[in-house]
2 protein chains.
Amino acid sequence: MLAPAFSKETDTLLAQARTLCDRRGVQLTELRRKVLGLVLEGDKPTGAYDLLDRLRVHHKGAAPPTVYRALDFLLEQGLIHKVERLSAFVGCIHQSEDEDHHHAAQFLICQRCGQVTELEDPRVDRALVEAARELGFRPAGSTVEMEGTCAACAAAPASAPAPG
Amino acid sequence: MLAPAFSKETDTLLAQARTLCDRRGVQLTELRRKVLGLVLEGDKPTGAYDLLDRLRVHHKGAAPPTVYRALDFLLEQGLIHKVERLSAFVGCIHQSEDEDHHHAAQFLICQRCGQVTELEDPRVDRALVEAARELGFRPAGSTVEMEGTCAACAAAPASAPAPG
DNA sequence: GACATGACGTTACTACATAACATAACGCCA
DNA sequence: TGGCGTTATGTTATGTAGTAACGTCATGTC
Ligand SMILES: [Zn+2]
Ligand SMILES: [Zn+2]
Ligand SMILES: [Zn+2]
Ligand SMILES: [Zn+2]
């Protein structure tokens, strides 16, 4: 079970995650750290079974529950998000603050290049919370995703979709 | 293959759907009509395999592609929506107008009673479209879902969740 | 009659997610 | 120091969601 080699950026984010978990008194175990690293390394959302395959390289005997339990932990801690439309996971780019565990995020999904952009637009969240409040609905969590064409792909000619 | 018996409300909605499809020059076949009826009859979002089971009662030999193809058609026509968080389908309550096929909908999902409420709040959609536009992103479709506690369940005592 | 189109049947498969139970490690405290 | 609860993980099996690929049949059209 050698530690997988992550990029410098990922290592930085992992160090932040470690600090965050320490402050919260929760355990960022080696397994969870590995899974978080794999999610962060991907430049696009990564499916659970894709993560499982990569995990197995250094973590022999990993099974679906192995990765799903790690993902559950990371979701709870707000270190990753699930993109529902893709059934896939991305690292949260708004961590590092020791605010509340989760935050209201929005995702822009490019149908052409697969790139996903995370937003944290207060106007969007405010509008949604307000609409819910008017109906007496108490919000606990939201999923906001928009599919379409990203700026790069909209500018590129039809035959050359912007690379991943 | 007897026609399944639907409620009066469902029959009314089915008649509207028929009119709509006729105007668009698309075929609301008997199979598609049955599946739409089954979705409309449910007071909660219905999964594809649940629909499949019910479909089989009157439609011997139905298989997953049978129901998924019908669902694809109904989604295209804007007659139903998919609730991503539940991997389940609900009838659209904003049809009957012969506007564009789809519309930007929002869903409130009660974690307690499972009830799902469809909204069509222009503020929410505007905020999201605006946020996307600022990044040069061209929207094609959106998923906006909020989980929490509905008004009825928030008012009810803990032991008595509001019925379905 | 050849041919395209659209809907549906049929078989098989892939992908996503969880239930249920076993094991190991740690801290706590009688 | 031995029992006990808690947390994380291992392990096996199963449940649930979704699609690929190909065949058939009806309709329309030139
Ligand atoms: Zn985030
Ligand atoms: Zn793109
Ligand atoms: Zn609708
Ligand atoms: Zn409720």
Side-chain angles (χ1 to χ4, degrees), chain A residues 1 3 17-18 21-22 24-36 38-39 42 44-56 58-77 79-90 114 143 145, chain B residues 1 3 17-18 21-22 24-36 38-39 42 44-56 58-77 79-90 114 143 145:
Chain A
M1 312 296 189
R18 155 84 7 101
C21 289
D22 285 351
R24 288 178 186 161
V26 296
Q27 307 177 45
L28 184 63
T29 62
E30 194 49 34
L31 174 61
R32 290 166 175 171
R33 204 187 90 102
K34 276 190 208 171
V35 173
L36 177 55
L38 290 171
V39 173
K44 298 187 188 166
T46 314
Y49 278 69
D50 196 341
L51 291 170
L52 179 55
D53 287 342
R54 301 181 199 210
L55 187 62
R56 279 179 168 147
H58 287 111
H59 189 101
K60 183 177 147 183
T66 311
V67 67
Y68 276 105
R69 286 196 280 233
L71 290 171
D72 284 346
F73 170 84
L74 298 170
L75 285 169
E76 270 170 31
Q77 298 304 319
L79 296 168
I80 63 171
H81 295 286
K82 179 175 181 186
V83 182
E84 296 285 345
R85 281 211 175 190
L86 305 177
S87 294
F89 303 84
V90 288
T143 294
E145 299 172 7
Chain B
M1 313 295 189
R18 154 87 1 107
C21 289
D22 285 351
R24 288 177 185 162
V26 296
Q27 307 178 46
L28 183 65
T29 63
E30 193 50 32
L31 175 60
R32 291 166 175 172
R33 205 186 90 103
K34 276 190 208 172
V35 173
L36 177 55
L38 290 172
V39 173
K44 298 187 187 165
T46 313
Y49 279 69
D50 195 341
L51 291 170
L52 179 54
D53 286 343
R54 301 182 199 210
L55 188 61
R56 280 179 167 145
H58 286 111
H59 189 101
K60 182 177 147 182
T66 312
V67 69
Y68 276 104
R69 285 196 281 233
L71 290 170
D72 284 345
F73 170 85
L74 298 170
L75 285 169
E76 271 169 31
Q77 299 304 319
L79 295 169
I80 63 171
H81 295 285
K82 179 175 180 184
V83 182
E84 296 286 344
R85 282 212 175 188
L86 306 176
S87 294
F89 303 85
V90 289
T143 294
E145 300 171 7

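Quick caveat, the model's predicted, so the values are computed rather than measured. So that the names make sense, note that chain A is the first sequence line, chain B the second, and so on, each numbered from 1. Values reported hereafter were calculated over all heavy atoms of this structure, with side chains retained and with hydrogens, waters and symmetry mates removed.
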A:Gln27 or B:Leu86, whichever maps to the more 5' nucleotide of DNA chain D: A:Gln27

Using atom [atom1] of [X] as one end and atom [atom2] of [N] as the other, report the distance to the nearest whole Å.
X       : N      : atom1 : atom2 : value
A:Glu76 : D:dA8  : CD    : P     : 9 Å
A:Lys60 : D:dT11 : NZ    : P     : 9 Å
B:Asp50 : D:dG15 : CG    : C1'   : 14 Å
B:Leu71 : C:dC8  : CG    : P     : 12 Å
B:Asp72 : D:dA20 : CG    : C1'   : 14 Å
B:Tyr68 : C:dA12 : OH    : C1'   : 16 Å
A:Phe73 : D:dA8  : CZ    : P     : 7 Å
B:Leu31 : D:dC25 : CG    : P     : 18 Å

N or O in side chain of A:His59 less than 4.0 angstrom from D:dG10 OP1/OP2: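 True: A:His59 side-chain N/O within range (under 4.0 Å) of D:dG10 OP1/OP2.
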
Which nucleotide in the list [options] gets nearest to the side chain of [X]?
X       : options                : answer
A:Thr66 : C:dT18, D:dG10, D:dG18 : D:dG10
B:Thr29 : D:dG18, C:dA17, C:dC8  : C:dC8
B:Arg32 : C:dA7, D:dG18, C:dA17  : C:dA7

Upstream residue (5' side of DNA chain C) when A:Glu84 and B:Ala63 are each assigned their closest nucleotide: B:Ala63

Backbone N/O of A:Ala62 and side chain of A:Arg56: donor-acceptor pair under 3.5 Å: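 Answer holds: yes.
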
Option from A:Glu84, A:Lys82, A:Arg85 for which side-chain contact (heavy atoms from CB on, under 4.5 Å) with A:Thr143 holds: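 Option passing the side-chain contact (heavy atoms from CB on, under 4.5 Å) with A:Thr143: A:Glu84.
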
Per-pair stack call A:Tyr49 and C:dC16, 5.5 Å, 30°: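 Here A:Tyr49 meets both the 5.5 Å and the 30° conditions.
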
OG1 on A:Thr66 to CG on A:Leu55, rounded to 0.5 Å: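 So the gap between those two atoms works out to 7.0 Å.
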
Interatomic spacing from NZ in A:Lys34 to CG in A:Leu38 - rounded to 0.5 Å: 9.0 Å

Residue list, side-chain contact (heavy atoms from CB on, under 4.5 Å) with B:Ser87, at least two apart or on another chain: none

Atom of B:Leu36, atom of B:Ala17 and distance for their closest heavy-atom approach: CD2-CB, 3.7 Å

Nearest heavy-atom neighbours spanning A:Arg32 and A:Leu74: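 The answer is O-CD1, 4.0 Å.
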
Overall bend - the helix from C:dG1-D:dC30 to C:dA30-D:dT1, comparing terminal axes fitted on five pairs, nearest 10 degrees: 10°

Sugar-phosphate only, base, or nothing, as touched by B:Arg69 at under 4.0 Å among non-hydrogen atoms: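 The answer is base, as B:Arg69 lies within the cut-off (heavy atoms under 4.0 Å) of a base atom.
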
